Each structure stands twice: as structure tokens, then as C-alpha cells.
Number of protein chains: 2
Amino acid sequence: MVTISDIASALGVTPSTVSRALAGSPRVKAETRAAVDEMARKMGYERNIMASNLRKGRSDIVGVVVPLINREFFANIIGGAESVLNAAGYNVLICQTKESFESEVKALRTLRNYHVAAIMISHSIESENGDHIREIIGERMPLVQFDRVFPDLPGAKIVGENFEGAYKATKYLIEQGYKRIGTLAGYMTCLLYRERLEGYRKAIEDSGMEYDESIVFHDTIVYDKGRESCLKAIDAGCDALYSAGDFSALGAIDELKLHGIDIPSRFGIIGTANESFTALMTPSLSSLGQHPYEMGQAAARAFLEGRTDTEVIPMELLLRQSSNRNNDIQCQK
Amino acid sequence: MVTISDIASALGVTPSTVSRALAGSPRVKAETRAAVDEMARKMGYERNIMASNLRKGRSDIVGVVVPLINREFFANIIGGAESVLNAAGYNVLICQTKESFESEVKALRTLRNYHVAAIMISHSIESENGDHIREIIGERMPLVQFDRVFPDLPGAKIVGENFEGAYKATKYLIEQGYKRIGTLAGYMTCLLYRERLEGYRKAIEDSGMEYDESIVFHDTIVYDKGRESCLKAIDAGCDALYSAGDFSALGAIDELKLHGIDIPSRFGIIGTANESFTALMTPSLSSLGQHPYEMGQAAARAFLEGRTDTEVIPMELLLRQSSNRNNDIQCQK
DNA sequence: AACAAATATACAAACGTTTGTATTATTCTC
DNA sequence: GAGAATAATACAAACGTTTGTATATTTGTT
């Protein structure tokens, strides 16, 4: 590996001059800089980032911790964050926790050992509070939380418009004439699911219906749970569901198909997250879309600008067949 | 930040002893080691990986370069690689090229500057050969290529069973009684698409059909191209397509629906990659499934074991509705 | 008890940068 | 052309580890 010292001795100058030349410092003469650049190119020099970071006492790595990397939602968040961070000269180290608390602790430790420039995290389902995060990253490391956030932690937060979104989705089901609307509500340890549930509740109550605990299905976010809870919902006389996730909505649809219950004429359903399969299935699944790419960008910008406020990213109700009882919309992709 | 020197002075020993104690070296007395561990824990010490790596002249980061992170196929490869690498004490730095040659060069440079332990790459579509890879990473950096590989580069290669897979898929369409089978063939700059095309060709010729260039559609791997080429295929009298990708197959299906051509009775289609939407759409799309998770694991193991051979991962034909003309299979998920 | 062998720790250099300070070379002013 | 001001470069320490060698301590042998 060729170092700045190699370049320095090749040119008969000192490493410090080479370092400054490569950094474009005005303290080195233009012709010297040119000579250094030329020699660096010729010798195939590439700066050792570790050494550089060590000396500078900082890193150009931003650590991103997500529950699952193969969820489109998170993959797109990472993509958005990456685009902004790369442009600002940062690299992204991705850790996935697979929804495990233990993995999350391990990931945070690793990132801390790298002395990363910042940590961006969406916590795992198993994490009930942010104590471990606070404890591991300390006071000085910039922290940005996105999507799943612990409100009591310091630092910026980028969240979806969960309350309003769930309100809109539920309201829409009501307007379509569905009479008994349940919800697949997700994990109550996560603020965002609590908010969605509140939005659902408000919509129900605002339209004079009764909020009925017996058709609120908790912890329902994966496919199997969706099927299971849908069966209970059918038995409880529901004719619609607002699901706080797309995968549970998918399970519900398969369960409905199994029972020969037509969607959307006899049963309506709206999911959340706008995973790409929602548009492709039959019937296509209406979904409360997030904007993950923008969310990732916002998280990155919050770090770059040193902000510590909470930013709310709008959610958009994407209407497809699964909730189109009155057949009054053109189905979009 | 607390360093080994802090621990050392707190205990009245030298940093070297602390370093050895923490590394579990037999050169330090058991009680000293215990004291050091205790003090490290008490002071909240975490090793500075940058300094460690710099001194040791090596890194515990493995760089993974993929075209797109939000493709399930690649996300699962990353997941597989990560599981093996994490267990071996490595961390994974992910770069996505978005199919751009320029980004690929930049990513490789970055990883080289980090002096990563190894580079695992699936090259972008724009990369026509591996010269830039060879040039940037030099002789000494371990290289593992997966899925999209340049055969002339040194190092391990993990590839799908492309020829056999495409052969199987095409053969199956023939056995279902389709008479004029075209192919959405992908990019001929990629070896894997050339191999799939060869498999298709062999299957066609083996069954006494004529290999017809006019129904081989190149560069067809994204949705829009799939639609476009499918239209041409219809005009050319095709009644089936083997698509080297799932997204192009999806486009084709939408085009067929638009023309009211029933699938699978009047037109059969099989895609490749087993993206999860294939099982969810209607009609569900038969697909030549890869095993990306296993592929990622294999790539990681090839690096860990220092292998430089080529490993072939089987492909599995997943039969669903889109090719089920004779209605002779139970549709699986 | 004296010496060798072993064990345990200390010393110091090194990894490749960056950067504050010191030194030398150049330009300007009168 | 002497002195001041400025520009350009050199020197050296530092970032936090690791590790080869040297030193000090303990143990074992006769």
C-alpha cells in the first residue's frame, strides 16, 4: 500500500505537505499541489480512511439499524438516507436486528466501537424502551430515530403521520358503507401502532359507531396472525378491517378467499405501508402508503443539519380494489 | 472516550498489559486479566476498532456491492452473507450501485480505502467487464463474486444453475403443450443471462422446435420492457414466454390481460428469481427460484475458507398458475 | 543459596494520517 | 538592500491500538 510518506519521499517533501496538498489546503503552493496530485495518481495512492478517521477523531460512517433489510419499506429508507449521506461524503453501515433486542444491543455496540458519525435507528419489536440505546451510545453521539421511535430519547425523530393516516383509512371504509370495522392493530409497545389505533378509534367514534375492544386485534402484523385474527373478525361479524400492516392484511385476504367471502363487496380491507405486492395481487390491496425514501432522506438531513426536532412525513391513502365497495374509484397501480 | 491507557493508569499497569489482557493473551496472569476486565467494564471501555484495525493492518469489515438493495433477491443474499460473517466476527458494509458503472467504481474505491477484509460483488448491468474491479482492488484483496460474475476475474464465484434452470423452465412450457415459446432474455453483457438463453435454446432445439431469433427479446428485464416485448411476442404468434426475470414477466402478464388473452390456457409464462410478489398475484406467476440466502451464505463461506473455486447454487422451478395449462399441478405458494 | 528457566510485565515503536508550531524562503515596503 | 510581512514548507506530536523485545519477578533445580 502506498502512503503519503511514499509520495513525500518520491517528491522530496514532507508527509505533512503531501497531506495538506491532497486536502487542497491553501497553505501549499499550487505547483506543489499539482506535483503531489500527479504523483499520487501515478503511484496509485488511496487514503487510508481508518488512519484518517483515527487522527481526526471522527468517522465518515453513519450506522443505520433496521429491524429487517428485506422489507421494501426499510430498504427504501436506507436508499433515501444513503443518497443524501453519500452526497455529503458519508458511508452507511447497515445492521439488521431481525426484530431481536439482543441483536439490537450488539449492533449498537459495534457501531459505537466504530465511533460512527451518527446512529440512525428504527428499533426492534422486542425493544420495549430506549434505555439500552441511551446507555450504549452515550451523550455525544448524534441519534436519529425513524418510523419506530422512543419519544423520550434525545435527538431527531422522523415519523409517519400515523394518527391522521389511520383516521383517513378508517373513515374511508366507513364512507364506503362498511358497518362493522375491526382493526389489525400491531404491537402496542410501538408508539406508531398505538397512534394508528388512536386514529382508527377516533374515526370510529366520530361517525357515531361504538369502539369495540373485541374487534381490535393486537400484535397482528405478520401474515399468519393476519389470517388468525381475520377468522375471529369474521366470527365477530366484521365486514371490514383496517390493518396497521400490509402482510397481516394479506393474510386476512387469503383467509377471506378461503371462506369465499367476496372482496370488496362483502368485506373491505385497507393495509398499511404500500409494499409493492399490494398493487400486484388480486384483488389489489388498498394501502396507507408511507414515503420511505423521503423518510430516509429526512433522517439523513436531520443529522447533517444537526436538528433534533421531530419531523412528520405524510401518509397517503392509496385506493385499490380491496376497499372499493361502491366502485367509485379508478384503480391505480 | 475511555482508552486502554486510562484502564492501565487506573490499575497501575501498562497499556500493553491491558491490551493483552483484553485479548485474552496467556502472557498475562489470570488475576491481572480479571482485574483489567473488571475495570474495563466499570469504566465502560469499548475498543476503538479503527485504531485496532490500523495497527493490525487489517479490517473486520467485509464490503458487499449490489446493484439494488431493495430487490428481495439481493436483500436476501445480504442477509445470508451477514449471518455467516457476523458469526465469524465480521461486519458488513453495504454499497448499492443502482446499476451504474460509475457508482460501482466509487463503491469499490471507498471499500478499498477502508482496507476491508474482502469484497463481495454482483456487478452492475452497465459494467461490461471486470477491468475496473481488477484495477481497483489489486492483487491482494480477497474477492468473491456472486450471481453476476465476470469469469476471467480471480477469486471465488457463486452462481446460479442458470443453464439447467432455464432449460427446465422452457422444457416445462413445452411439455404443457405450448407451441411457440419466446424468451425475455435479459442483458447479454451478463453471463448469467447468456447462460439462461443457452438453456432456453437447448430446450427448444432438443424438442425439435426451431430456435427463432425473432422471438428472443434482449435487454428485457424491467416491467416496461416486459410489456413492450410481450406485445411483439403476441404479434409474432407466441403462446408462451420464458422470462429471465420476474419483473419483465409481470409486465408481460399485464400486457396479456390488457389484450384479454387468458393465462395459462392461451398463453403460458414462467419468470425467474421467485420475487415474493410472484406467489401473490393473480394468476400467480411460476418462477425459476433462486436461493439467495444460501447464495449469500456460500459467498461468505468462500471468503472465510479462502476458497477461489466456483460454486453453483441450484435453481428450483416453482410451478404456479401462469404455466399450468394442463391443470396438472396443485398450486403452491 | 546460587543459577537457570519460566512467567509476568514494562518499554517503545509502529500503523497512516492530521495539524499546531517552528523554520525557512519569498515578496514587499521605504 | 535591510527589515517586516507573508508564503511555503518542515518538524514533531498525536489519535488508540498492537506487538516484538527487554526487563523484572517468580519458580524450580542442584
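The figures here come from the full heavy-atom set of this structure, side chains too, leaving out hydrogens, waters and symmetry mates. All chains are named by letter (A, B, ...) in the order of the sequence lines, taking the proteins before the strands, and each is independently numbered beginning at 1. Here the structure is a predicted model, which is why all the values come from computation and not from measurement.
What separates CG of L22(B) from P of dT19(D) is a distance of 13 Å, to the nearest Å. Between I7(A) atom CD1 and dG16(C) atom C1' the separation is 12 Å, expressed in whole Å. Atom CG in N113(A) sits about 13 Å away from atom C1' in dT17(D), given to the nearest Å. Rounded to whole Å, the distance from NZ on K56(A) to C1' on dT17(C) is 9 Å. Atom CZ in R58(B) sits roughly 15 Å away from atom P in dG16(C) (whole-Å rounding). dC15(C) atom C1' lies 14 Å from atom CG of N53(A), rounded to whole Å. For the pair I4(A) CD1 and dA14(D) C1', the computed distance is 13 Å after rounding to whole Å. For the pair K29(B) NZ and dA10(C) C1', the computed distance is 14 Å after rounding to whole Å.
Residue R47(B) is classed as a sugar-phosphate contact, given heavy-atom separations below 4.0 Å to backbone atoms only. Among the protein residues, T14(B) comes within range of the nucleic acid bases, having at least one heavy atom under 4.0 Å from a base atom.
Evaluation of atom-type donor-acceptor distances gives no pair under 3.5 Å for the side chain of R33(B) against the base of dT9(C). For S16(B) against dC11(C), a side-chain N or O and a base N or O form a donor-acceptor pair under 3.5 Å. With hydrogens and angles ignored, a donor-acceptor pair under 3.5 angstrom links the side chain of R20(A) to the base of dG20(C). Counting distance only, with no hydrogens placed and no angle test, the side-chain atoms of R55(B) and the base atoms of dA14(C) include a donor-acceptor pair under 3.5 Å.
Note that OG of S59(B) is 11.0 Å distant from CG of L54(B), once rounded to the nearest 0.5 Å. Separating the CD atom in Q145(A) from the OG1 atom in T310(A) is a distance of 9.0 Å, to the nearest 0.5 Å.
With dA10(D), dT17(D), dT21(D) as the choices, the nucleotide that has an atom nearest any side-chain atom of T17(A) turns out to be dA10(D). Comparing atom distances between the N48(A) side chain and each of dA22(D), dG16(C), dA10(D) picks out dG16(C) as nearest.
Side-chain atoms of N48(B) and H115(A) include a donor-acceptor pair closer than 3.5 Å. T14(A) and T17(A) form a side-chain donor-acceptor contact under 3.5 Å, judged by distance and modelled atom types alone.
Between T32(A) and the phosphate of dA8(D), there is no side-chain N or O to OP1/OP2 separation shorter than 4.0 Å. An OP1 or OP2 oxygen of dT18(D) is reached within less than 4.0 angstrom by a side-chain nitrogen or oxygen of S52(B). The side chain of S19(B) contributes an N or O atom lying less than 4.0 Å from OP1 or OP2 of dT18(D). Between Y45(B) and dT17(D) there is a side-chain N or O to OP1 or OP2 distance below 4.0 Å.
Between E99(B) and R148(B), at least one side-chain N (NZ, or NE/NH1/NH2) sits under 4.0 Å from a carboxylate O, which counts as a salt bridge.
Atom CZ of R47(A) has 12 or fewer heavy atoms from other residues, nucleotides or ligands within 6.0 Å.
Comparing L54(A) and G12(B) by the nucleotide of DNA chain C whose heavy atom lies nearest to each, the residue mapping closer to the 5' end is G12(B).
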